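Structure first, commentary second.
What you see is a predicted model; the values in this text were computed from it and never measured. Sequence positions, counted from 1, serve as the residue numbers for this chain.
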Amino acid sequence: MTPHARRALLVPLTITIALPVALYYVLRAQGTAPWQALLISGAIPAAHAVVTAVRRRHVAFFDLLVVALLAVSAATSVVSGDPRVLLLKDAAIPAVLGLWIGGTLFLARPFAFHFGTHLRRGSGDAEAERAWQEVPAYRQALRSLTLLWAGGQLLDAALSTVQALVLPVDAVPVVGRIQSFTLLALVAVITVRRSRRFRARHGISLFGTAGASAPAGSTAPREAEGPA
């Protein structure tokens with residue numbers, strides 16, 4: 001994995017998983033009420049989303065989702081005083097993401113194709129577009145990975161909902177983050193392995209991290225006519 005690709009993956013994980021959990025337990029150790037600790041620690045990814053949107057002058061779907069869910073759950077928790085409302089926010093995020101990722105299968109390009117734009121460099125986008133237009137196996141592989149990522153998010157949401165309702169409040173943040181990270185890592189490992197197998201078989205990188213175009217003489221299957 002290139003340094004650019006590694007940074008694109010590690011920075012969001014640190015901000016959305018590691019820092020909020022660490023801050024939550026620091027606040028709890030100082031005697032902060034559970035719902036307040038959850039609210040304050042949950043503000044880290046929300047603040048990052050706002051800063052990112054301002055810097056890029058563009059509001060991404062995930063950033064909007066994080067801010068909106070935090071605002072709604074915070075208002076509800078303040079009124080009810082129930083920290084489990086804020087815990088359910090952490091289940092709602094992967095639920096919405098899973099449905100959104102799965103929904104991209106019905107669009108012109110699935111999630112996995114657009115995810116590659118964060119990893120590709122140089123002419124990678126043009127090469128990926130050409131592969132999408134000309135190689136049926138490329139389209140099928142990216143659709144399959146999109147379905148995998150959607151399923152992983154929905155499973156995370158289901159397990160997180162059970163945890164938020166059943167486990168002790170103070171156990172949920174760390175258990176939930178470990179669960180989310182484990183599922184994410186598992187999906188990432190499967191994605192990398194499938195990508196390597198695809199490249200070895202077809203001579204094309206699914207995400208353009210090692211050169212997206214097929215080498216000369218490649219036997220990659222191609223369609224003579226336009227896109228699917």
With side chain to side chain contact (heavy atoms under 4.5 Å, CB included) as the test, would you mind laying out the steps for Arg139 and Arg143 before giving the verdict? CA-CA 6 Å; Arg139 297 194 294 269; Arg143 286 170 177 149; 4.0 Å; yes
Any chance you could lay out the side chain to side chain contact (heavy atoms under 4.5 Å, CB included) test for Phe207 and Leu145, step after step, and finish with the verdict? CA-CA 11 Å; Phe207 301 108; Leu145 287 176; 3.7 Å; yes
Given the rule in the side chain to side chain contact (heavy atoms under 4.5 Å, CB included) test, do Leu19 and Leu23 qualify, once you have shown the distances and angles that lead to the verdict? CA-CA 6 Å; Leu19 290 180; Leu23 180 58; over 6 Å; no
Working for side chain to side chain contact (heavy atoms under 4.5 Å, CB included), residues Arg177 and Asp90: CA-CA 9 Å; Arg177 292 308 190 277; Asp90 292 332; 3.5 Å; yes
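If you check the side chains of Asp170 and Tyr24, you find a donor sitting under 3.5 Å from an acceptor.
Of all heavy-atom pairs between Gln163 and Arg84, the closest is O-NH1, 4.3 Å. Here the closest non-hydrogen pair linking Leu183 and Gly152 is CD1-O, 4.2 Å. Closest heavy-atom contact between Ser160 and Ala91: CB-CB, 3.7 Å. Closest of all the heavy-atom pairs between Leu206 and Ala141 is CD2-CB, 3.8 Å. In terms of heavy-atom proximity, Ala95 sits nearest to Ala157 at N-CB, 3.4 Å. Nearest approach of Leu38 to Val169, heavy atoms of both residues: CD1-CG1, 4.5 Å.
In terms of hydrophobic clustering, with Ile, Leu, Val, Met, Phe, Trp and Tyr side chains grouped at heavy-atom distances under 4.5 Å, Leu88 and Leu39 are assigned to different clusters. Val174 and Leu159 are members of different hydrophobic clusters when ILVMFWY side chains are connected at heavy-atom separations under 4.5 Å. Criterion: ILVMFWY side-chain heavy atoms under 4.5 Å apart, direct or through other members. Under it, Leu105 and Leu148 are not part of a common hydrophobic cluster. A continuous path of Ile, Leu, Val, Met, Phe, Trp and Tyr side chains, each step under 4.5 Å between heavy atoms, connects Ile190 with Phe198, placing both in one hydrophobic cluster. Put simply, Trp100 and Phe113 are part of the same group of oily side chains (I, L, V, M, F, W, Y) that touch within less than 4.5 Å, one to the next.
Arg194 pairs by the side-chain hydrogen bond (donor to acceptor under 3.5 Å, both in side chains) definition with Ser144, not counting sequence neighbours. Remark: Thr182 pairs with Ile178 by the side-chain contact (heavy atoms from CB on, under 4.5 Å) rule, at least two apart or across chains. Scored by the side-chain contact (heavy atoms from CB on, under 4.5 Å) test, Leu99 finds Leu154 as partners (sequence neighbours excluded).
Checking side-chain atoms of Thr146 against main-chain N and O of Ala112 turns up a donor-acceptor pair under 3.5 Å. No side-chain donor-acceptor contact under 3.5 Å links Tyr138 to the backbone of Ile204.
The distance from atom OG of Ser180 to atom CD of Gln153, rounded to the nearest 0.5 Å, is 8.0 Å. Taken to the nearest 0.5 Å, the CZ atom of Arg196 stands 11.0 Å off from the OG atom of Ser205. With rounding to the nearest 0.5 angstrom, the CZ atom of Phe115 is 8.0 Å from the OG1 atom of Thr191. Interatomic distance, Leu142 CG to Leu147 CG, rounded to the nearest 0.5 Å: 12.5 Å.
Between Phe111 and Trp149, the ring planes lie tilted relative to each other; the angle falls in the 30° to 60° range.
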